[in-house]
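All remarks here apply to the structure that follows.
Chain A is the first sequence line, chain B the second, and so forth, proteins listed ahead of strands; every chain is numbered from 1.
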Amino acid sequence: MQGTLVSLPKRGALLLFLHNISNKNIKRSILSENLIGYSDNQGNIVDTQSGGEGFVGEVIEYDNSDKALEIIRHSTAHLMAQAITQLYPNSQFFVGPVVEEGFYYDFRTSQKIGEEDLKKIENKMKELIKQKHPIEKYTITKEEALVKFAHDDLKLAVLSRIPDEEVSIYRQGEFEDLCRGPHVPALNFLHHFKLTRVAGAYLGGDEKAEMLTRIYGIAFATKEALKEYLFMIEEAKKRDHRKLGNELELFMFDEEAGAGLPFWMPKGARLRSKLEAILFKAHRKRGYEPVRGPEILKSDMWHTSGHFACYGENMYLTVIDEQEYGIKPMNCIGHIEIFKQSSKSYRDLPYKMFEYGVVHRHEKSGVLNGLLRVREFTQDDAHIFCTPQQIQEVVLEVVEFVDAVMKKFDFNYTMEISTKPEKAIGEDAVWELATEGLKNALTQNHLPYTIDEGGGAFYGPKIDVKITDALGRKWQCATIQVDFNLPERFDVEYVAQDNSRQRPVMIHRAILGSFERFIAILIEHYAGEFPFFIAPTQVIFVPIGEKNIDYANTLHTMLLDEDIDSEVLSKNESLNKRIRMAEKQRVPYVVVIGDEEEANGSVAVRDRRAKEQYNLTKEEFMVKLLQQLKEGRI
RNA sequence: GCCCAUAUGGCUCAGGGGUAGAGCACUUCCUUGGUAAGGAAGAGGUCGUGAGUUCAAGUCUCACUAUGGGCUCCA
C-alpha cells in the first residue's frame, strides 16, 4: 500500500492519504487541520482518502454543515461497527448509511442486544477513538471482493446490489468494511455522538426477509450541537401526547377493550367537541352540507367500490342474517349514495357534503401509536361532486380552507402534488385537466408546491399537505384527491345544460385528517397549553373562602351559557395549594375570587401567558373571554 | 405481522426466590386561608393473564395480552 503520512501538530491528527497527493492538496490540508473532505463541482462529497492527485474541489471542514455531518456520521457508523465487532466477535454487518436523522447500522449477532448494551458500545467506541487509527481506503475488483467476503452472506448480499466492477474497502486498525465512503481521515475526528435506539429491521426492508438488529445513532461536530439535539429529544418526550394525554386526563386506552381503540375522557371530549364545533361552522360557511352514512354496509358495496380488492386486508367484517357486512374504513360510499338519492342538475354542482366519519381500519399491531395511529378514528371527511372543469376552482377553495385552519393553529405547511402513476384508470385528457387544475389552484394562490411525479392514486392526482409543528417535526394531515373512479363504478350522473347525462368528478378531502391524529399533534405542538378557543377547561375559579363558592358557581354558569368551560376549585385545601393545582392544569385563566371581588362584582385574573395578575369587572372579563372565543373562528 | 425492551395501588416509580414499599392523587378530621404544596389519621395492590420450575415465585422459565423503540432512506 502506498501512502503519504502527514502529521499535524495542533490536533496531533494523523492524516493518511492514499495515492500520491498533489502538493497543492497537502498544502491545503495543512492550512486547515479541520479538512475532512471535498465537494466536487457536482456537489458530490469526496473524502480525503479518495481525493487523489490533482483533485480540485471545495474544501469541507470539520463543522456542523450538512456535508461535514454526512462524513462524520458515516464514520461514526463504522466506528460503532468496529466497537460491536470487538464486543460481539461473531457480528456480521449489512449496511450502515447516513439517514435524515443520524445514522444506523444493520447487523447480525449471536447475542441479543438491548437498550442497556448501547452504553457499553458507546464506551468501546470512545476507547477506540483514543487509538487514533487513520481511516484508510483501498479498492479491489468485485471478483476479489466476492472471494474476500465469501464467508459473509450479508456482505455478499450487499455486493450483489453493486453494479460496479471495482469496490472500495475502508480500514481502521483491525476493522475493515466494504464501503463507498465518504469518511473522515482518522478516528480522532469523532467526538460527539450518541447511540439513540436499538431496533429490528428487515434485511433490505423486505417483510419476508430475515430480521437484523439495527442501532441508530447521531453525531455532530460540536458538543453544543449534540447537546441541543439531545435537548430537543427531551423536549419532545415531555410533550409526548401519550404522557400529556394521561396527565391532563384527555384520553385513555384499555387493554381489555382492545388495542388501538381510544376512549375520550371528559376533558379530552371537551377539547374535541370544541374543535368539532369550530370546524362544523367553518364547513357550513363554505357551503358544505352535513351528512351521515351508516357504520356498516353490505360487502357487495365494498366490492363495487374496489375497497374489498384494494383495502380488504384492513377491513373488519361481520355477518348479520347470513349476509356479510363490512365496517366502513372510509366514508365515500355513504356520500355517493346520498348524492344519488335524488337526480342532480349541473346547477347543483359543485355539491359539497361533509361528515365527521367514524372509520375502523385494521392497522398492524406493531404500528399502533397513541392517538397517532389507532384502529378507530374520526375523519373530517368531505366529498365534492363537480365537473372536470370545476376542479380548479373547487381545489382552490379547499386549499384556502386548509390554509385558514393551519394558520389558526400556528402551523407552517408545504404541499406536494402527486401526478399520474403508471397504473392508472381514466382518460389522459381528464388526468391532464385534473392535474393542471391542482397546479393552477396552487399557483394562483401563490402557494409553493413540489411535485411527486407518478405518485398519485390510481384513480386520480392529489395534493398532500405536510405541516410543521413547534418542534420542527413534519406531519402529513390534509389531503385533496381527485377521483374519476368511484363515480364510474357507482354510475353517478348529473343532468347537463343540454339535458344529457354526464359523469361528475369526485373530490375527496380531509383537512385535519383525523381528529385523533390532529389532536395528538396539537397536544405536542402546544405542549398541552391549548389556545383558549379549544382548551378543555378555559377558566378555573379559585374561591378564597367557603362563603365565596356561590359567587364562583354563578360565574361558572354564566360562562357555560356562552359555551365556555370552567371549573370551581373549592375543595378543602389551602389557597396556595389550590392555586398551584389550578396553574398546573395549564388552563388559560385562573381566577381568584374573595370577599373583595364579590363586593365589587369583579374577578382577579391570573393569565397563563402574561404570567401576571390583574383585576377586571365580571362584565369586562366576559367581553375578554368572548373576544378570545371569536378568535377561534375559521 | 416481525425484532428488541417493558408490565408492581388511580398516577410516577423503588424492590430481583422467604410477611408488598414510597411520593402524588383519594377518604375523614383539624385548619377558612389573599396568589404555586398547612397539619393529622385512613383506605387502596392475589405485583398484566395463564402455565411451569421450586419446600417457597412480583422476583426464575415459557406462552399469551398490552405498551414502547423500530422495520423506505440501498457498501
Side-chain angles (χ1 to χ4, degrees), chain A residues 74 77-78 81 93-106 108-109 111-118 142 145 149 154-164 167-170 176-183 196-216 237 240 242-243 246-247 249 252-261 313 362-370 542-549 570-585 590-597 604-606 611-613:
Chain A
H74 200 166
H78 268 224
F93 293 85
F94 185 53
V95 295
V98 171
V99 290
E100 246 174 66
E101 206 177 306
F103 62 86
Y104 67 77
Y105 219 123
D106 284 351
R108 184 200 285 145
T109 46
Q111 289 115 307
K112 286 180 178 177
I113 294 191
E115 298 278 343
E116 67 281 3
D117 297 311
L118 295 184
K142 198 166 176 184
F149 294 108
L154 290 185
K155 282 300 162 199
L156 293 179
V158 174
L159 277 168
S160 73
R161 300 164 172 222
I162 302 174
D164 310 354
V167 296
S168 54
I169 311 281
Y170 280 79
E176 279 195 335
D177 198 11
L178 176 69
C179 180
R180 69 174 168 190
H183 283 287
T196 48
R197 42 188 166 244
V198 53
Y202 294 110
L203 197 158
D206 177 2
E207 246 179 74
K208 290 179 196 88
E210 172 192 1
M211 180 148 287
L212 302 173
T213 303
R214 171 175 296 182
I215 295 181
Y216 281 93
K237 263 189 208 160
D240 190 311
R242 292 164 298 197
K243 180 175 177 289
N246 193 21
E247 263 174 42
E249 300 176 300
M252 54 174 264
F253 291 90
D254 179 38
E255 178 179 340
E256 287 177 21
L261 303 173
E313 284 181 2
H362 184 75
E363 301 284 356
K364 288 181 188 171
S365 62
V367 303
L368 299 176
N369 180 270
V542 181
I544 287 179
E546 234 169 90
K547 56 183 179 299
N548 307 119
I549 294 177
S570 60
K571 59 198 294 185
N572 183 17
E573 293 289 352
S574 68
L575 180 65
N576 281 353
K577 176 76 172 283
R578 284 180 291 140
I579 286 171
R580 178 181 152 81
M581 286 165 74
E583 287 285 333
K584 277 187 72 177
Q585 311 234 349
V590 173
V591 172
V592 180
I593 44 185
D595 291 344
E596 201 181 302
E597 284 75 19
V605 182
R606 289 173 67 105
K611 306 271 182 214
E612 59 184 29
Q613 296 144 37

Excluding sequence neighbours, so at least two apart, what forms salt bridge (Lys or Arg N to Asp or Glu O under 4.0 Å) with A/E596?
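Listed in chain order: nothing, the list is empty.
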Report the residues that fulfil salt bridge (Lys or Arg N to Asp or Glu O under 4.0 Å) with A/K571, sequence neighbours left out, ordered by chain and then residue number.
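Applying salt bridge (Lys or Arg N to Asp or Glu O under 4.0 Å) to A/K571 gives none.
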Counting C-beta onward and ignoring hydrogens, is there a side-chain heavy-atom pair between A/R606 and A/V542 closer than 4.5 Å?
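Result no, sub-4.5 Å side-chain heavy-atom pair not found.
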How close or far is atom [atom2] of [N] from atom [atom1] of [X], stated in whole angstroms?
X      : N      : atom1 : atom2 : result
A/E363 : B/rC71 : CD    : P     : 16 Å
A/F253 : B/rA66 : CZ    : P     : 13 Å
A/F94  : B/rC73 : CZ    : P     : 8 Å
A/I549 : B/rG33 : CD1   : P     : 13 Å
A/D240 : B/rU12 : CG    : P     : 12 Å
A/E100 : B/rC74 : CD    : P     : 10 Å

By nearest nucleotide on RNA chain B, pick out whichever of A/H362 and A/H74 is the more 5' one.
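It is A/H362, whose closest nucleotide lies nearer the 5' terminus.
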Map A/R242 and A/P543 onto RNA chain B by nearest heavy atom, then report which one ends up closer to the 5' terminus.
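Nearest-nucleotide comparison on RNA chain B picks A/P543.
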Check: A/N246 side chain, A/K243 main-chain N or O, donor-acceptor pair, under 3.5 Å:
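No; zero donor-acceptor contacts below 3.5 Å.
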Pairwise [atom1] distance for [N] and [M], with rounding to whole Å:
N      : M      : atom1 : answer
B/rG52 : B/rG17 : C1'   : 15 Å
B/rC73 : B/rU54 : P     : 48 Å
B/rU19 : B/rU46 : C1'   : 14 Å
B/rG70 : B/rG16 : C1'   : 29 Å
B/rU8  : B/rG48 : P     : 6 Å
B/rG10 : B/rA51 : P     : 23 Å
B/rC11 : B/rG45 : P     : 14 Å
B/rA57 : B/rC47 : P     : 11 Å

Side chain to side chain contact (heavy atoms under 4.5 Å, CB included) involving A/D595 - partner list, sequence neighbours excluded
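Once residues adjacent in sequence are excluded, the partners of A/D595 under the side chain to side chain contact (heavy atoms under 4.5 Å, CB included) criterion are A/K547, A/N548.
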For [X], which residues count as a side-chain hydrogen bond (donor to acceptor under 3.5 Å, both in side chains) partner, sequence neighbours excluded?
X      : result
A/E101 : A/Y229
A/R108 : A/Q92, A/D153, A/E210
A/E363 : A/R373

Verify the ring-centre separation between A/Y216 and A/F103: is it less than 6.0 angstrom?
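A/F103 vs A/Y216: aromatic centres not under 6.0 Å.
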Indicate, with a heavy-atom threshold strictly under 4.0 Å, whether [X] touches base, sugar-phosphate, or nothing.
X      : result
A/S168 : base
A/D164 : base
A/E249 : nothing
A/G370 : sugar-phosphate
A/D595 : base
A/R180 : base
A/V99  : base
A/K571 : sugar-phosphate
A/R606 : base
A/G260 : sugar-phosphate
A/G545 : base
A/A145 : nothing

For A/F94, give me all partners under ring pair (Phe, Tyr, Trp, His ring centres under 6.0 Å), at least two apart in sequence or on another chain.
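Residues passing ring pair (Phe, Tyr, Trp, His ring centres under 6.0 Å) with A/F94: none at all.
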For [N], which nucleotide in any strand shown is its Watson-Crick or wobble partner with both distances under 3.5 Å?
N      : result
B/rG58 : none
B/rG17 : none
B/rC73 : none
B/rU6  : B/rA66
B/rC11 : B/rG23
B/rC47 : none
B/rC29 : B/rG39

By the rule that syn is within 90° of 0, classify the base conformation of B/rG16 as syn or anti.
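Classified syn.
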With syn defined as a glycosidic torsion within 90 degrees of 0 and anti otherwise, which applies to B/rG58?
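Syn conformation for B/rG58.
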Counting only distance, no hydrogens or angles, is the base of B/rG48 paired donor-acceptor with the side chain of A/E256 under 3.5 Å?
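Answer no: no donor N or O sits under 3.5 Å from an acceptor.
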Sugar-phosphate means primed atoms, P, OP1 and OP2; the rest is base. With that split, encode nucleotides 2-10 of chain B 5' to 3' as B, S or - using protein heavy atoms under 4.0 Å.
BBS------
Between [options], spot the one nearest the side chain of [X], thanks.
X      : options                : result
A/Y216 : B/rC71, B/rU35, B/rU12 : B/rC71
A/R161 : B/rC74, B/rG68, B/rC26 : B/rC74
A/L368 : B/rU12, B/rG34, B/rU67 : B/rU67
A/I544 : B/rA36, B/rG68, B/rG34 : B/rG34
A/E546 : B/rU67, B/rU32, B/rG70 : B/rU32

Less than 4.0 Å between a side-chain N and a carboxylate O, is that true for A/K155 and A/D177?
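Counted as a salt bridge, because a side-chain N and a carboxylate O are separated by less than 4.0 Å.
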Could you tell me whether A/D240 and A/R242 make a salt bridge, using a distance below 4.0 angstrom between a side-chain N and a carboxylate O?
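Looking at A/R242 together with A/D240, the answer is yes, because their closest N to O distance falls below 4.0 Å.
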Is the count of non-hydrogen atoms from other residues, nucleotides or ligands lying under 6.0 Å from A/K142 atom NZ greater than 12?
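For A/K142, atom NZ is crowded (more than 12 foreign heavy atoms under 6.0 Å).
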Under 3.5 Å, which protein N or O atoms sit close to an N or O of nucleotides 38-41 of chain B? Give each pair with its distance.
{"residue": "B/rG38", "atom": "OP1", "partner": "A/S574", "partner atom": "OG", "Å": "2.9"}
{"residue": "B/rG38", "atom": "OP2", "partner": "A/S574", "partner atom": "OG", "Å": "2.7"}

Mind telling me whether A/F93 and A/Y105 have parallel, tilted or perpendicular rings, with 30° and 60° as the class edges?
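It falls in the perpendicular class, over 60°.
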A/N369 side chain near B/rU67 phosphate (N/O to OP1/OP2, under 4.0 Å)
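A/N369 to B/rU67 OP1/OP2: no side-chain N or O under 4.0 Å.
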